Amino acid sequence: MEIIHVSAECYPVAKAGGLGDIVGALPKYQNELGHVAKVVMPMYKTKFLLDNVWDVVHKGRTNIGDYWFDYTIIKEQTNKLGFDLYLVDINGLLDREKVYGYDDDTERFTAFQVAVVDWIAVWAHHPDVIHVHDHHTGLIPFIIKHCYKYQHLHKIPTVLTIHNAQYQGTMGWDRSFLLPPWDSWKWGMLDWKNNINPLASGIKCAWKVTTVSMSYLDELRQSANGLEALFEYERGKCMGILNGIDTEVWDPQKDTYLQEHFSVETVTEGKANSKRRLCETFDLDFNKPLIVFIGRLVGEKGADILPAAISDSYYYIGRKMNFLILGSGFPDVETQLASLQKLAQKDYSVYIGYNESLSHLMYAGADFLLMPSRVEPCGLNQMYAMRYGTIPMVRRTGGLKDTVIDYGEKNGYGIVYNWASVGDITHGIWRAVDLFEDKEKIMEIREKMMRLDFSWQHSVQQYLNLYEGLLPEKEAVPEAESKPDKK
Ligand code: ADP
Ligand code: GLC
């Protein structure tokens, strides 16, 4: 099968979060099974762009409304990521340093989607599946089905994967002119609550919709930032497929970001080396349990209640643990976390910003990883942590619920609590401090976690089965013709 993934992020080209990790891994594993999976994404001004060599494969010209633009499709020459990687260059719109966060993101991602379809429209053949990811590419199924210029593509099956339904790309109807001329009878396929909603449109128009864990799909029917009724209505075409992790990138035995490597057999010593490095760098106490948080400092991740949970823990439990926080996000949360440094002095440190290499060292050196998420469609951090023998402390929601079992339950290994509240987090921290005293139990849990299989193997197959079901029925070949000649 030929599968075209269209996405705003792809690791290591450009990554803002887990979406990048997934689109950087899933196609690679699909190719390993003999399929041809390709990735198409915007050409941002990133280090990866400058460090690699590119071929121009197509030049085109199209428009969003009365803004006409030239676009160029370039392809990485060596296939070093394990799949064909295509970047869409739109001068002045996409060639910026950050992925998101500009005032004209609506125009940027609409132009990107139109250019992708405009390019596929001139191919001599049709790909078997177009697989789009999140709202930034959610208009593609509509464009293919209902924009006159591209209707010859309408038989190409489309799959939408929802990594995060909180963000929907909503725009007013006054922006409808940005789309290529479309069948106005189909306005309902763009609309949700009197706005154009690219995520809702993707759910309505894609042939199949997946979410990145099973529990998240269930939760979306109750809580989906306004799309609950749509998820209920379209439940027949939705399914949950749990993300895998790229076990080649995230491997404590050969992680290129780590100086000391370790396996299940050498986990105690291996983690101690990385922890020592972290403690020296951030002035932490090696003998106390090290609890870390890595992620976007936003409400979804429960980051806003971290400062209160940390100061309550010092107050109620005592100064028995270290905290190390890595992240960036809401300025208020950043400021509060930074000012905690004064209160905590020695057992606490924070790094505001994005640092891939530090994140790897933290997964390797931490004793516990805190994830008090309010919403977590899948969550990759907890799976990375477990692969590096770090015990996850997670709220029972979405993908966290599907991947972590509390150590108090049969076959359990993590610390799980019900609410993203200061009280529940503090109680979880108390349990972690208590568990840390029991070295034998810690050892047993680390070994158990490191042997869990979170690889892509199972999920890749689920995606392939899903695509298979969308392909046109193959015409039956008469039996005599289908058998090889026997002489
Ligand atoms: P989300 O995509 O919602 O942010 P995920 O758990 O799926 O959450 O993925 C987060 C990814 O981003 C992980 O690879 C994590 O290590 C990484 N990450 C998040 N914040 C940072 C940061 N400040 N520095 C380095 N890596 C980060
Ligand atoms: C989103 C979700 C996260 C998920 C990631 C990859 O960013 O917030 O939970 O792991 O996508 O699918």
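What you are looking at is a predicted structure, and each value in this text was computed from that prediction instead of being measured. Counting starts at 1 for both ligands and their atoms, following the listed order. FYI, side chains are in, hydrogens and waters are out, and symmetry mates aren't considered; it's all heavy atoms of this structure.
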How far is [atom] from its nearest protein heavy atom, and which residue and atom is that?
{"atom": "atom 20 (N) of ligand 1", "answer": "G295 CA, 3.4 Å"}
{"atom": "atom 25 (C) of ligand 1", "answer": "N355 O, 3.3 Å"}
{"atom": "atom 3 (C) of ligand 2", "answer": "E376 OE2, 3.4 Å"}
{"atom": "atom 2 (O) of ligand 1", "answer": "G18 N, 2.6 Å"}
{"atom": "atom 4 (O) of ligand 1", "answer": "R296 NE, 2.8 Å"}
{"atom": "atom 5 (P) of ligand 1", "answer": "L380 N, 3.7 Å"}
{"atom": "atom 27 (C) of ligand 1", "answer": "Y354 CE1, 3.4 Å"}

[X] to ligand 1, any heavy atom closer than 4.0 Å:
{"X": "E300", "answer": "no"}
{"X": "C378", "answer": "no"}
{"X": "Y363", "answer": "yes"}
{"X": "H163", "answer": "no"}

Please work out whether the ring planes of [X] and [Y] are parallel, tilted or perpendicular, with thresholds of 30° and 60°.
{"X": "H360", "Y": "Y257", "answer": "tilted"}
{"X": "W250", "Y": "Y363", "answer": "perpendicular"}
{"X": "F323", "Y": "Y314", "answer": "perpendicular"}
{"X": "Y463", "Y": "W456", "answer": "tilted"}

Within-cut-off N or O pair, [X] and ligand 1, under 3.5 Å:
{"X": "N164", "result": "no"}
{"X": "N381", "result": "yes"}
{"X": "Y384", "result": "no"}
{"X": "A16", "result": "no"}
{"X": "G353", "result": "yes"}
{"X": "K301", "result": "yes"}
{"X": "K15", "result": "yes"}

**Message:** R108 and side chain to side chain donor-acceptor pair (under 3.5 Å): which single residue from T110, T106, D105 fits?
**Reply:** D105
Can you tell which of [options] gets a heavy atom nearest to [atom]?
{"atom": "atom 2 (C) of ligand 2", "options": "H163, E9, R296", "result": "H163"}
{"atom": "atom 4 (C) of ligand 2", "options": "G399, G18, G379", "result": "G379"}
{"atom": "atom 14 (O) of ligand 1", "options": "I352, D21, L369", "result": "D21"}

**Asked** Which atoms of ligand 1 are found less than 4.0 Å from any heavy atom of G379?
**Response**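 Close to G379: 6 (O).
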**G327: numbered ligand 1 atoms lying under 4.0 Å from its heavy atoms** =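 In order of numbering, the contacting atoms are 23 (N).
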Numbering the atoms of ligand 2 from 1, which are under 4.0 Å from a heavy atom of [X]?
{"X": "V212", "value": "12 (O)"}
{"X": "N164", "value": "8 (O)"}
{"X": "I22", "value": "6 (C), 12 (O)"}

**Message:** What verdict does the salt bridge (charged side-chain N to carboxylate O under 4.0 Å, His left out) test give for K346 and D283, after you've listed the backbone C-alpha separation in whole Å, the side-chain angles of each residue and the deciding distance to 0.1 Å?
**Reply:** CA-CA 7 Å; K346 239 188 126 5; D283 196 17; 3.1 Å; yes
**Item:** Aromatic centroids of F83 and Y29 separated by under 6.0 Å
**Value:** no
**Request:** Report yes if the distance between the aromatic ring centroids of Y86 and W119 is under 6.0 Å, otherwise no.
**Result:** yes
**Prompt:** Counting heavy atoms only, which part of L358 comes closer than 4.0 Å to ligand 1: side chain, backbone, both or neither?
**Reply:**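 The answer is neither; L358 stays 4.0 Å or more away.
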**Message:** Tell me whether K15 forms a cation-pi arrangement with Y11, defined as NZ or CZ under 6.0 Å from the six-membered ring centre and within 45 degrees of its axis.
**Reply:** yes
**Message:** Here's one to test your reading of the geometry: is the NZ or CZ of K98 within 45 degrees of the ring axis of Y44 and under 6.0 Å from its centre?
**Reply:** no
**Complete:** From the list I291, L340, I425, side-chain contact (heavy atoms from CB on, under 4.5 Å) partner of I310 resolves to L340
**Asked** Does V375 approach ligand 2 within less than 4.0 angstrom via side chain, backbone, both or neither, non-hydrogen atoms only?
**Response** neither
**Prompt:** Among K301, R395, K401, R396, whose salt bridge (charged side-chain N to carboxylate O under 4.0 Å, His left out) with E376 holds?
**Reply:** K301
**Request:** Before giving the answer on ring pair (Phe, Tyr, Trp, His ring centres under 6.0 Å), spell out for H136 and F109 the whole-Å C-alpha distance, their side-chain angles and the decisive distance to 0.1 Å.
**Result:** CA-CA 6 Å; H136 323 96; F109 288 108; 5.2 Å; yes
